[in-house]
Protein chains: 2
Amino acid sequence: MSTTSTISREIADTLRTEILRQQYRCGERLPSERDLAARYNASRGAVREALSQLEQNGLISIHPGGARVQPIESASIAILGPLMNLSALPDPELVSQFLRTFAALATDNAKEAVEKANAEQLIRMKSLLVLLNQHAGDVETMQPHWINMLEYMATIADNLVVRLIGNDLKAQFVDQMMNLGLKPQLNKKNLNQVLNNLKQSLAKRDSELAGSAVQMYFNELRISIVADIKSRLANLQKRAG
Amino acid sequence: MSTTSTISREIADTLRTEILRQQYRCGERLPSERDLAARYNASRGAVREALSQLEQNGLISIHPGGARVQPIESASIAILGPLMNLSALPDPELVSQFLRTFAALATDNAKEAVEKANAEQLIRMKSLLVLLNQHAGDVETMQPHWINMLEYMATIADNLVVRLIGNDLKAQFVDQMMNLGLKPQLNKKNLNQVLNNLKQSLAKRDSELAGSAVQMYFNELRISIVADIKSRLANLQKRAG
DNA sequence: CCGACCAATTTGGTCTGACCAATTGAACAC
DNA sequence: GTGTTCAATTGGTCAGACCAAATTGGTCGG
């Protein structure tokens, strides 16, 4: 649903990819709006809307005299998705950073959730944990229950800043990961420890323990996923070489 | 510098504020581009660019038939700045969430920095820590040294995702906080413990300890700042009532 | 009274062509 | 070389037009 395809969006996508591929050097001037309009067979208005989006992305800065490419480190999160889509398989380093970041935020959510949960919310978390335990055998079917748990923790923590970042990150990352059809292999022993720690943290309302449990889970997930991507990359290279 | 004032930007700012003030109910249709153009005495093109920016902000979704207001929880980080600027004094709850989030990311950076730092980087961090200790007496002059330390840790951690989020958060938050001229009062005993833990973490390359030290620092900072804002708000209310 | 259907209107997406002010860049004078 | 000047370029804005999709409101059948 949603993403209605428009000329301006297509232009923005194309230019964004070109910039992320570093086909324009940082600081370099982009072609003029009129040139771009000619190149893409579009009107200046469409080009301007595209450039306006790229400026919002922090990829370029538009001044009278010309639009200049900005260093990628000063861009906004919105570019992470396109950055990961530059090739069929995302950069494992970037994926690792992504999961680290996601872990940090989820950990904070877990801590705050356990801290401020009321009795009813505590019970609900415990019941969600039971579901997690029931599916501990199969990572595949456990996934949605993890999402439920983390989502519910986020609801309790009720941190707008984290939620907004999480939205962006999810939009940029999760959907694209799904497409890869990753089947992470989690160490069962460690997973059991995660679930046990989570259980204890809920029982004793120990927020630090809850945080470290979530942290450990994401750590496992990260290591597994990154390894998977790296091995796929190695296979590709072997086939190509 | 930079922010050249353009009509489209002004329109975007005005509409953004109106939406954040909930002057349009969520799901409600915005006035048509033609209406807005008439209202702001501007051309449709300018209005379209403004709306395009708001769509990038996740505040509205534009479809043929009309632009509709989206729930704020599905917006992007870019709205946090405007959200905090709705009134002279920002919502303390939002500030608290901000600092929590910032803490979570800085903590992760600290952990990774201590983990992967080479000998030279370790030395540099120690020297930065010496500077911190020298200014431990005065929170005011210590601030820039903290920024240096955290910035250097971020450089070592070299996590693009965290950096981009940090950029956004800083752009939305830090500058506006500076204007308030806050003078946080940190508990000296706790501050000393933070510095000591940091020192030990560097000596033993204990990433967890480094993380908890940074966490504790931000915790102190957050409590102090939030209390400050709350007391100011109380003063304002007393004067008004 | 209600729901399904259809046409008129409205709305966003795009294009063309035009004007202004600021910037740029090259020719020019020193 | 260096500083100045001036014309070409560039972004910002406007007006008016067309199309396709969505909305709206009225009509018709139940």
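From a predicted model like this one, the values you see are computed outputs, not experimental measurements. Labels below follow one simple rule: chain letters A, B, ... track the order of the sequence lines, proteins then strands, and each chain is numbered from 1.
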Provide, to the nearest angstrom, the distance between the [atom1] atom belonging to [X] and the [atom2] atom belonging to [N].
X: B/His63; N: D/dA22; atom1: NE2; atom2: C1'; answer: 11 Å
X: B/Leu30; N: D/dT23; atom1: CG; atom2: P; answer: 15 Å
X: B/Gln53; N: D/dG12; atom1: CD; atom2: C1'; answer: 13 Å
X: A/Leu36; N: C/dC15; atom1: CG; atom2: P; answer: 13 Å
X: A/Arg48; N: C/dG17; atom1: CZ; atom2: P; answer: 19 Å
X: B/Arg29; N: D/dT23; atom1: CZ; atom2: P; answer: 8 Å
X: A/Arg34; N: C/dT16; atom1: CZ; atom2: C1'; answer: 13 Å
X: B/Glu49; N: C/dT14; atom1: CD; atom2: P; answer: 13 Å

### Message
Heavy-atom nearest nucleotide on DNA chain C for A/Arg68 versus A/Tyr40: which residue maps closer to 5'?
### Response
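The residue whose closest nucleotide sits nearer the 5' end is A/Tyr40.
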
### Query
Pick the nucleotide of DNA chain C nearest each of A/Ile7 and B/Gly65; which residue has the one closer to the 5' end?
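The residue whose closest nucleotide sits nearer the 5' end is B/Gly65.
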
### Query
Quick one: do B/Arg68 and B/Glu28 make a salt bridge, cutoff under 4.0 Å?
no

### Task
Using a strict 4.0 Å threshold on nitrogen-to-oxygen distance, state whether A/Arg232 and A/Asp228 make a salt bridge.
yes

#### Entry: Terminal helix-axis angle for the helix from C/dC1-D/dG30 to C/dC30-D/dG1, with five pairs defining each axis and rounding to 10 degrees
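One end's axis against the other's: 10°.
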
#### Entry: Single hit among A/Tyr152, A/Tyr217, A/Phe218 for ring pair (Phe, Tyr, Trp, His ring centres under 6.0 Å) with A/Trp146
A/Tyr217

### Task
Give one of base, sugar-phosphate or nothing for B/Gly66, where a contact means two heavy atoms less than 4.0 Å apart.
sugar-phosphate

### Task
Describe the nucleic acid contact of A/Asp35 in one word from base, sugar-phosphate, nothing, applying a heavy-atom distance below 4.0 Å.
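Nothing, no heavy atom under 4.0 Å.
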
### Task
Over 60° means perpendicular and under 30° means parallel, so classify the ring planes of A/His145 and A/His135, tilted if in between.
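Rings of A/His135 and A/His145: parallel, as their planes differ by under 30°.
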
### Query
Under the 3.5 Å rule, do the base of C/dG17 and the side chain of A/Arg44 count as making a donor-acceptor pair?
no

### Task
Ignoring hydrogens and angles, answer whether the base of C/dG13 and the side-chain atoms of A/Arg9 contain a donor-acceptor pair closer than 3.5 Å.
no

### Message
Once rounded to the nearest 0.5 Å, what's the spacing between atom CD1 of A/Ile19 and atom SG of A/Cys26?
### Response
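Result: 10.5 Å between the selected atoms.
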
### Task
Locate the shortest heavy-atom distance separating B/Leu20 from B/Leu83; write the atom from each residue and the value.
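Result for this residue pair: CD1-N, 3.7 Å.
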
### Query
Below 4.0 angstrom from OP1 or OP2 of C/dT14, is there any side-chain N or O of A/Ser8?
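A/Ser8 to C/dT14 OP1/OP2: side-chain N or O found under 4.0 Å.
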
### Query
Any idea which of D/dC14, C/dG13, D/dG11 is nearest the B/Ser43 side chain?
D/dC14

### Query
Among C/dC15, C/dG12, D/dC14, which nucleotide sits nearest the side chain of A/Ala46?
C/dC15

### Query
Between the main-chain N or O of A/Gln97 and the side-chain N or O of A/Thr101, is there a donor-acceptor pair closer than 3.5 Å?
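At least one qualifying donor-acceptor pair exists.
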
